[in-house]
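Structure, as structure tokens:
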Amino acid sequence: MASRKIATVFGASGFIGRYVVKRLADQGYMVRAAMRNTEAGAFLRPLGSVGQIVPLYAPLDNEAAVRRSVESADAVVNLVGILAERRRGDFERVQHAGAGLIARLAAAGGVARLIQISAIGADPASASQYARSKGAGEAAVRAAFPTATILRPSIVFGPEDQFFNRFGAMAAIAPALPVIEGNTRFQPVYVGDVAQAVMAALAQPATMGQTYELGGPDIETFRALMAYILHETGRHRALIALPRWLAVLQASVLEHLPGKLLTRDQLLLLRQDNVVTPGALTLANLGITPTPIRLIVPDYLRRYRVGGKGKPG
């Protein structure tokens, strides 16, 4: 009997990671779930059969561990990303140098396919450290592994997301919701579609060396998304437009507090539309019909309604 294919997934215990790991397991892959904290990834094991999903210690600052994790793998998926720095330089270490290291070691190890998750707006020349490091990471991946497939999602939604959940929770307790750069447009993409895009990229040789921008069917402004959250949670809250100077002042305080609810770098991101670039390859080119917000988000926003409790079913 032919041996199973092996896939190494970096960032496997994260929001997108659990969906990618599940789909890889369903397709029969042996999955190496590479991460810094293997105990935090124990919940992944039941997503496959006994012994099919193995959490591995492979932090990006340990080159030997990363090399071992990709050794003899057929495919590598890099999902590692951060929205805020814990220490100065984390964006560079994780999203640029880390991505380059994975690509270099995967190429040296003879890995056939590499999928790199980036982000819409990734640009080495961006004013935002986040977008700049994502862009530099893409360049490093391309230099080391030219046939890598790069996927750039817009903001990703799903039951564990940090967008709709964050503002849903805020709507439940705050007298008003802040609107920052209210006219900025977003194209939220369902986490299941992003995971399916990974699988489609692995299955289709034509995706090698290509970049895809992943957005859902709905394009909405930040203000419209806040209004939608209020509607779905049944909360009557004012939407307060924050002037840019006040948002910067708040971010300069919040970025130093646990949880980093808002950073000045995130404010820079909010000044740019986060939508698929005209002419870019998209989910449609991967054979995927994007999922509308209305089919997924209301179910998990129920917990924030008056009298709502627990997790959505």
Side-chain angles (χ1 to χ4, degrees), residues 9-11 14-17 19-20 23 75-83 91-92 94-96 98-100 102-103 113-158 161-163 184-202 204 206-220 265-266 268-291 293:
V9 181
F10 290 89
F15 171 37
I16 301 174
Y19 291 85
V20 172
R23 282 163 174 75
V76 171
V77 181
N78 180 23
L79 301 165
V80 179
I82 56 173
L83 292 175
F91 281 135
E92 172 68 18
V94 173
Q95 298 184 160
H96 177 195
I102 290 170
R113 300 300 310 275
L114 172 63
I115 311 297
Q116 169 73 19
I117 302 297
S118 184
I120 285 180
D123 181 356
S126 174
S128 159
Q129 294 180 64
Y130 171 87
R132 193 162 62 244
S133 63
K134 281 288 191 181
E138 288 187 6
V141 167
R142 281 273 181 255
F145 203 119
T147 60
T149 302
I150 294 174
L151 303 179
R152 294 176 168 179
S154 182
I155 58 171
V156 182
F157 69 88
D161 72 44
Q162 293 298 308
F163 184 82
T184 298
R185 299 181 304 152
F186 296 89
Q187 195 169 349
V189 59
Y190 176 47
V191 64
D193 293 341
V194 175
Q196 197 56 39
V198 171
M199 301 307 299
L202 288 174
Q204 300 173 27
T207 65
M208 296 173 71
Q210 301 293 334
T211 298
Y212 295 80
E213 297 200 351
L214 312 183
D218 308 299
I219 297 178
E220 301 287 357
D265 195 69
Q266 289 167 357
L268 293 174
L269 287 174
L270 282 172
R271 295 178 188 177
Q272 302 293 323
D273 285 345
N274 196 273
V275 299
V276 171
T277 305
L281 295 172
T282 67
L283 286 170
N285 297 102
L286 293 169
I288 299 169
T289 301
T291 305
I293 292 172

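- Looking at Asp193 and Leu214, their side chains never come closer than 4.5 Å, going by heavy atoms from C-beta outward.
- Across Val275 and Ile120, no two heavy atoms sit closer than the pair O-CG2, 3.5 Å.
- Contact annotation: the side chain of Asp265 approaches that of Phe91 to within less than 4.5 Å [non-hydrogen atoms, C-beta and beyond].
- Residues Thr207 and Leu286 are in side-chain contact: their nearest non-hydrogen atoms beyond the backbone lie under 4.5 Å apart.
- With sequence neighbours excluded, no residue satisfies ring-ring contact (aromatic ring centres under 6.0 Å, His included) with Phe10.
- Here the OG1 atom belonging to Thr184 is positioned 8.0 Å from the CD atom belonging to Gln272, to the nearest 0.5 angstrom.
- Summarising the geometry of Ile150 relative to Ser118, their closest heavy-atom pair is CG2-CB, 3.9 Å, with the distance given to 0.1 Å.
- The CG atom of Asn78 lies 3.5 Å from the CD1 atom of Ile102; values are rounded to the nearest 0.5 Å.
- Here the CZ-CG distance, from Phe163 to Leu83, works out to 12.0 Å after rounding to the nearest 0.5 Å.
- Relative orientation of the Tyr190 and Tyr19 rings is perpendicular, given thresholds of 30° and 60° on the angle between their planes.
- Counting heavy atoms from C-beta on, the side chains of Leu283 and Val189 come closer than 4.5 Å.
- Ser154 and Gln187 form no side-chain donor-acceptor contact under 3.5 Å, judged by distance and modelled atom types alone.
- Residues Ala131 and Ser126 approach most closely at CB-OG, 3.4 Å, considering heavy atoms.
- A salt bridge (charged side-chain N to carboxylate O under 4.0 Å, His left out) check over residues 133-156, counting only residues at least two apart or in different chains, returns the pairs Glu138-Arg152, Arg152-Glu213.
- To the nearest 0.5 Å, the span separating CG on Asp218 from CZ on Arg185 amounts to 13.0 Å.
- Scored by the ring-ring contact (aromatic ring centres under 6.0 Å, His included) test, Phe186 finds no partners at all (sequence neighbours excluded).
- The CD atom of Gln129 lies 10.0 Å from the CG atom of Leu269; values are rounded to the nearest 0.5 Å.
- For Gly158 against Val191, the heavy-atom pair with the smallest separation is CA-CG1, 4.1 Å.
- Of all heavy-atom pairs spanning Pro290 and Pro217, the tightest one is CB-CD, 3.6 Å.
- Across all non-hydrogen atoms, the minimal contact from Arg113 to Leu202 is NH1-O, 3.3 Å.
- Separation of atoms NE2 (His96) and CZ (Arg132) is listed at 11.5 Å; rounding is to 0.5 Å.
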